[in-house]
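Because the structure is a prediction, the values reported are computed rather than measured. Sequential numbering from 1 along the given sequence is applied to the chain's residues. Scope of the values below: all heavy atoms of this structure, side chains included, with no hydrogens, waters or symmetry mates.
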Amino acid sequence: MQPYRRVLSVPRVPSTMALMFLARLPMTMNGVLMTLYIVTGLGRGYGAAGLVGAGITLGMAVGAPLLGRCLDRYGLRPVVAVCGIGTTVFWAAAPHLPYAALAAVAVPAGMLSVPAGSLARQVLAALVPPQERRAAYSLDTISIEATFMIGPAAGIAAITAFSPTWTLTALGVLFGGTAFLIWLVNPPLREEVAEPEPPGARPPLRSWLTGRLVATLLIAAGALFVLVGTELATLAALRSNGDLQVTGLVIAVMCAASILGGIVHGAVRRSLPQGVLMLLLALLVVPVGLADRPWWLLMLVLIPTNLVCAPTLAATTETVSRIAPPQVRGEAMGLQDASTRLGLALGGPVVGFAIDHSSPAWGFAAAGLGGLVLAAAGLLRRRTPAPEPVPALAER
């Protein structure tokens, strides 16, 4: 565990990671809370709830690179202030809006989401030496898994115990409070350099958005396609077998396996590259449907693919931070967020279609094969010769 001790001994890293953990918690609650509010509070169907959720996701995908560019140009505080205010207003107003209004503002609300994930990765890149970043990004991915183990369950408990109006308003306050804390702490987004660069200096797009970076983003989209498809197929399998009551336990074991894989990935001296991890993630989920009952057997066969979940996500961040120059790291991390949102947006409907027209077992196969298609596109793109980077703009 020496790599983790070295990372956590870096000044400001433990406090920053704790802050970003808090900032991500409300993000893991918003999907389930919005769905439950629309279905139970407004009496609409799951399709209608999915439409609003898709709008928010689309807004996040579109807004992530734009917010990243703003972070590069204007710094952390102006971006976090605008996003924090916008997100707080949206969630405080949501329980008072009719469905049509919710659907109309979903995309702009998503665009103004506080980019907590991108910020966390940029801060770690700024604080942690390059040789320790694999362990740092593994810790960050483990933190994400922990928020997903806590956030949705806490959100469901809150909206069950209290009114939807109170719960959604409280979520807005939580978003605003964590945004204010980030604004107050104002962690660094770039490494300290002896001679600061002139304001506005940034490399041309073609010098850093190379075939290798595009390939990395496509592989990331494939990974999220697999993950959301696997989760959907798991829920469908448990429901069809009458085992919905153990859903929480199965998901907790999946998260625990991912955390274990992330710990190992960050602790070893040399780990597998992103492309290989992605192929394992996809291939291991394809045959899961052959053992989808009883529920405990399904839970066991899901462990291998989840063991490489956190390592794949951590390797993605490590690759992006290594390729992108510090001057455009915010935009590059925003593109990473956009690619993962693309994977989420594609995985849900494609795997859902496969389940609706066949069975949950074929949902697992669709999740793995769809992810392989995106990963193959990325791996083929990586073979394309890339232009030589401009020496003066290469990452220090």
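- Smallest separation of non-hydrogen atoms from T167 and I159: OG1-CA, 3.4 Å.
- For the pair F90/L102, a side-chain contact is recorded, criterion being any heavy-atom separation below 4.5 Å from C-beta on.
- Looking at heavy atoms from C-beta onward, M254 lies out of side-chain contact with C309 at the 4.5 angstrom threshold.
- Here the side chain of R133 pairs a donor or acceptor atom with the backbone of A125 at under 3.5 angstrom.
- Listed by first and then second residue, the ring-ring contact (aromatic ring centres under 6.0 Å, His included) pairs involving residues 260-313 amount to none (not counting sequence neighbours).
- One hydrophobic cluster, built from ILVMFWY side chains closer than 4.5 Å, cannot hold both L227 and L342; they sit in different ones.
- Note that CG of L279 is 10.5 Å distant from CG of L284, once rounded to the nearest 0.5 Å.
- Taking Ile, Leu, Val, Met, Phe, Trp and Tyr as hydrophobic and joining them when side-chain heavy atoms fall under 4.5 Å apart, one finds L290 isolated, its cluster having no other members.
- Looking at Y99, its side chain does come within 3.5 Å of a backbone N or O of A48 through a donor-acceptor pair.
- Interatomic distance, CD of E331 versus CZ of R69, reported as 4.0 Å (0.5 Å rounding).
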Which donor-acceptor pairs under 3.5 Å do the side chains of residues 82-89 make with protein atoms, sequence neighbours left out?
residue	atom	partner	partner atom	Å
T87	OG1	C83	O	2.8
T87	OG1	L112	O	3.0
T88	OG1	G84	O	2.7
T88	OG1	G172	O	3.3
T88	OG1	G176	N	3.2

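- Every pair passing ring-ring contact (aromatic ring centres under 6.0 Å, His included) that includes a residue from residues 346-372 is listed here, sequence neighbours excluded: F353-H357.
- Every residue was checked against the side chain to side chain donor-acceptor pair (under 3.5 Å) condition with E318, not counting sequence neighbours, and none meets it.
- Taking Ile, Leu, Val, Met, Phe, Trp and Tyr as members and joining any whose side-chain heavy atoms lie under 4.5 Å apart, directly or through other members, V373 forms no hydrophobic cluster with any other residue.
- The shortest distance between side-chain heavy atoms of T319 and L213 does not fall below 4.5 Å.
- Under 3.5 Å, the side chains of T316 and Q274 contain a donor-acceptor pair of N or O atoms.
- The shortest distance between side-chain heavy atoms of P95 and T169 falls below 4.5 Å.
- With D72 contributing its side chain and G330 its backbone, the two residues share a donor-acceptor pair below 3.5 Å.
- Within the structure, side-chain hydrogen bond (donor to acceptor under 3.5 Å, both in side chains) contacts touching residues 6-19 (residues at least two apart or in different chains) are R6-E132.
- The hydrophobic clustering, which links ILVMFWY residues whose side-chain heavy atoms are closer than 4.5 Å, places V285 and L344 together.
- Between the side chain of Y4 and the backbone N or O of I263 there is at least one donor-acceptor pair closer than 3.5 Å.
- When all heavy atoms of A332 and W208 are compared, the closest pair comes out as CB-CZ3, 4.0 Å.
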For residues 50-67, run the donor-acceptor check on the side chains, cut-off 3.5 Å, and write out each pair with its distance to 0.1 Å, sequence neighbours left out.
residue	atom	partner	partner atom	Å
T57	OG1	G53	O	3.0

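- Side-chain contact between S271 and R134 is present, with at least one heavy-atom pair separated by less than 4.5 Å.
- Distance check: L124 CG to M17 CE gives 5.5 Å after rounding to the nearest 0.5 Å.
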Task: Trace of the side-chain contact (heavy atoms from CB on, under 4.5 Å) decision for M278 with L283 - done: CA-CA 9 Å; M278 168 59 209; L283 289 173; over 6 Å; no

TODO: Carefully, step by step, assess C255 and I251 under the rule side-chain contact (heavy atoms from CB on, under 4.5 Å).
DONE: CA-CA 6 Å; C255 291; I251 292 178; 4.2 Å; yes

TODO: Mind running side-chain contact (heavy atoms from CB on, under 4.5 Å) on R322 and R212 for me, showing each step along the way?
DONE: CA-CA 11 Å; R322 186 169 60 246; R212 188 181 178 196; 3.3 Å; yes

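- If you check the side chains of Q336 and T317, you find a donor sitting under 3.5 Å from an acceptor.
- Between T141 atom OG1 and L313 atom CG the span is 5.5 Å, to the nearest 0.5 Å.
- Between T178 and V114, the closest side-chain pair of non-hydrogen atoms is not below 4.5 Å.
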Enumerate donor-acceptor pairs with a distance under 3.5 Å from any side-chain N or O in residues 19-30 to protein atoms, sequence neighbours excluded.
residue	atom	partner	partner atom	Å
R24	NH1	D140	OD1	2.7
R24	NH2	D140	OD1	3.3
R24	NH2	D140	OD2	3.1
T28	OG1	L25	O	2.7

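- Here the side chains of I355 and V351 are in contact, with some heavy-atom distance below 4.5 Å.
- Scanning both residues, V228 and G343, for their nearest heavy atoms gives CG1-O, 4.1 Å.
- The two atoms that bring R77 and L184 nearest to each other are NH2-O, 3.3 Å, heavy atoms only.
- Residue pairs that meet the side-chain hydrogen bond (donor to acceptor under 3.5 Å, both in side chains) test with at least one member in residues 239-260, sequence neighbours left out, are E145-S258, N241-R293.
- Of all the heavy atoms in L217 and S339, the pair that sits closest is O-CB, 3.4 Å.
- Under the 4.5 Å side-chain heavy-atom criterion for grouping Ile, Leu, Val, Met, Phe, Trp and Tyr, L298 is connected to L249 within one hydrophobic cluster.
- By the 4.5 Å heavy-atom criterion applied to side chains, P188 and L127 are counted as neighbours.
- Applying the ring pair (Phe, Tyr, Trp, His ring centres under 6.0 Å) rule to W166 yields the partners F162; only residues at least two apart in sequence or on another chain are considered.
- In terms of heavy-atom proximity, G275 sits nearest to I219 at CA-CD1, 4.2 Å.
- Y74 and M111 sit in two unconnected hydrophobic clusters of ILVMFWY residues. Membership requires side-chain heavy atoms under 4.5 Å apart, directly or through other members.
- Side-chain contact of Y37 with T165: a donor-acceptor pair under 3.5 Å is absent, judged by distance alone.
- Both L8 and V10 belong to a common hydrophobic cluster when Ile, Leu, Val, Met, Phe, Trp and Tyr are linked at side-chain heavy-atom distances under 4.5 angstrom.
- Distance check: L76 CG to R190 CZ gives 12.5 Å after rounding to the nearest 0.5 Å.
- Atoms CD1 and CD1, from I144 and I259 in turn, are 11.0 Å apart once rounded to the nearest 0.5 Å.
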- [ ] For side-chain contact (heavy atoms from CB on, under 4.5 Å), just list the numbers for I156 and T160, CA-CA rounded to whole Å, side-chain angles, deciding distance to a tenth of an Å, and then say yes or no.
- [x] CA-CA 6 Å; I156 293 172; T160 302; 4.0 Å; yes

Would you tabulate the side-chain donor-acceptor contacts of residues 229-237 under 3.5 Å, counting partners in other chains and residues two or more places apart, or write 'none'?
residue	atom	partner	partner atom	Å
T230	OG1	V226	O	2.7
T234	OG1	T230	O	2.7

